[in-house]
Protein chains: 2
Amino acid sequence: MNKEIASTLFESLASGVRLDVFRLLVKNAPTGLVAGEIATELTLPPTNLSFHLKAMTHAGLVNVTQEGRYQRYRANLTVMQSLIDYLTAECCTGHPELCLDAGEASACCDSD
Amino acid sequence: MNKEIASTLFESLASGVRLDVFRLLVKNAPTGLVAGEIATELTLPPTNLSFHLKAMTHAGLVNVTQEGRYQRYRANLTVMQSLIDYLTAECCTGHPELCLDAGEASACCDSD
DNA sequence: AGCATAATTATGCAAATTTCTAATGACAGG
DNA sequence: CCTGTCATTAGAAATTTGCATAATTATGCT
C-alpha cells in the first residue's frame, strides 16, 4: 500500500453509489452478487452500474468472475484491510500516543 | 459515523493534494501548521490551498484555530480513527471470519 | 490613520466525472 | 441458427471539481 494506491481507493469510495455497491457486496460476502442483482437492489441503470463497477474493479476494490453470461462481483476484503492498515499507520506516524486505541497498528513505521 | 459522513471523508482524501495536506498535518501533530507553512511546504498557491483546506475543514478532517492573523490547521485524528473503525466494521459486518486480523473491531454491529 | 502581510472569497474557465441513450458483444436455450 | 437476456462499450450531454486571476477581509505594526 502506498499513497497512489490509497488515493485510488479513496476515489473509489468517495462516490455515494460506489460506497453503496461496496457495502452491498460486503453484506453479501463471500458469495458476491451478479451485476443484475446489484442493479436491482440499488435501482441503478445497468449501464451506470457497469461504469462504477469497472472503476472499482480497476482500483482492486472488487473482484469479478464470469458465470456463463453473468458477471459475479465480490468485495475484496483483503485490499480493504490493507487500506485500514495504511490509514492506521498514517494516523499514528511518529505519534502513536495520539491515536485512541490503535495499539495494534503494527505497520506504524513504513509510511509513504 | 455514517455513510454520508464517511463518503465526505473519502472525498476529502481522494484528492492527491488533500491527502498530502493531511499527511503533512499528521506529521506535524499535535502542533499543526499555519496555512502559509503548508503552502510553502507543498508549493501550493495560497488560494488553491484555501480551497482544499475549506473542504477538509467542512468534512471535519482538520481543525482550524485563529492565531492573530494566522490560521493554524491541525489533523483531526479522532475523526480519522472513527473512519478507520467504520471501515473495519463495514468490512466485517456479519463476516468477522473474513477479515484478516481485525479481531479488535468492536464496532462490528452498528452499520449505516 | 495608513500600510503591509496572511488568508479567504469571488468569478471565470478548463478538465474530469457522472449519467443517459444507443449500439455492440457474449452466452443460453429452443 | 435465431432469439432473448445479461452486461459492457461508445459517444454525447450535464454536472462537478480544480485552478488561476483579481478583489476582499482581517490583523498587526508604526
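The basis for the numbers below is simple: all heavy atoms, side chains too, and nothing from hydrogens, waters or symmetry mates. Naming: A, B, ... by sequence-line order, numbering from 1 per chain.
- The closest donor-acceptor contact from the side chain of A/Thr8 to the backbone of A/Glu4 lies under 3.5 Å.
- Atom CG of B/Leu19 and atom P of D/dT17 are 18 Å apart (whole Å).
- A/Gln81 places a side-chain heavy atom less than 4.5 Å from the side chain of A/Asp85.
- When all heavy atoms are compared, the tightest approach of B/Leu83 to B/Met1 is N-CE, 3.8 Å.
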Donor-acceptor contacts, no H, no angles, side chain residues 31-48 of chain B, under 3.5 Å, sequence neighbours left out:
residue, atom, partner, partner atom, Å
B/Glu37, OE1, B/Val34, N, 3.0
B/Thr40, OG1, B/Gly36, O, 2.9
B/Asn48, OD1, B/His52, NE2, 3.4

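- The closest side-chain heavy-atom distance from A/Met80 to A/Phe22 is below 4.5 Å.
- The stretch residues 53-67 of chain B touches DNA chain C through B/Lys54, each having a heavy atom under 4.0 angstrom from the strand.
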Check: residues 57-70 of chain A side-chain donor-acceptor pairs under 3.5 Å, at least two apart:
residue, atom, partner, partner atom, Å
A/Thr57, OG1, A/Leu53, O, 2.7
A/Thr65, OG1, A/Arg74, NH1, 3.2
A/Gln66, NE2, A/Gly68, O, 3.1
A/Glu67, OE1, A/Arg72, NE, 3.3
A/Glu67, OE2, A/Arg72, NE, 2.9

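- Here D/dT8 presents its P atom at 13 Å from CG of A/Leu44, a figure rounded to the nearest Å.
- Look at CG on A/Leu49: it is 11 Å from C1' on D/dT8, rounded to the nearest Å.
- Contact record, A/Leu19 with B/Phe10: CD1-CE1, 4.2 Å, taken as the closest heavy-atom pair.
- No chain of hydrophobic side-chain contacts below 4.5 Å, direct or via other Ile, Leu, Val, Met, Phe, Trp or Tyr residues, connects A/Phe51 to A/Leu49.
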Pick out the pairs of N or O atoms, protein on one side and nucleotides 1-5 of chain C on the other, that lie under 3.5 Å.
residue, atom, partner, partner atom, Å
C/dT5, O4', B/Arg69, NH1, 3.4
C/dT5, O2, B/Arg69, NH1, 3.1

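- Taking the side chain as every heavy atom from C-beta outward, B/Ile84 and B/Thr88 approach each other to under 4.5 Å.
- Atom NZ of B/Lys27 sits about 10.5 Å away from atom CG of B/Asp20, to the nearest 0.5 Å.
- With hydrogens and angles ignored, the 3.5 Å screen pairs a side-chain donor or acceptor of A/Ser82 with a backbone N or O of A/Thr78.
- Residue B/Tyr73 has a polar side-chain atom (N or O) positioned under 4.0 Å from OP1 or OP2 of C/dT8.
- Atom CD in B/Glu37 sits about 12 Å away from atom C1' in C/dA6, given to the nearest Å.
- Straight-line distance from the CG atom of B/Leu13 to the P atom of D/dT17: 15 Å, rounded to whole Å.
- The shortest distance between side-chain heavy atoms of B/Ile5 and B/Asn2 falls below 4.5 Å.
- Within the 3.5 Å criterion, the main-chain N or O of B/Lys3 finds no donor-acceptor partner in the side chain of B/Ser7.
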Considering only nitrogen or oxygen atoms on both sides, find all protein atoms under 3.5 Å from nucleotides 18-20 of chain C and state each distance.
residue, atom, partner, partner atom, Å
C/dT18, OP1, A/Arg18, NH2, 3.2
C/dT18, OP2, A/Arg18, NH1, 3.3
C/dT19, OP2, A/Asn48, OD1, 2.9
C/dT19, OP2, A/His52, NE2, 2.5

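- Rounded to 10 degrees, the angle between the two end axes of the helix from C/dA1-D/dT30 to C/dG30-D/dC1 is 20°, with five pairs used at each end.
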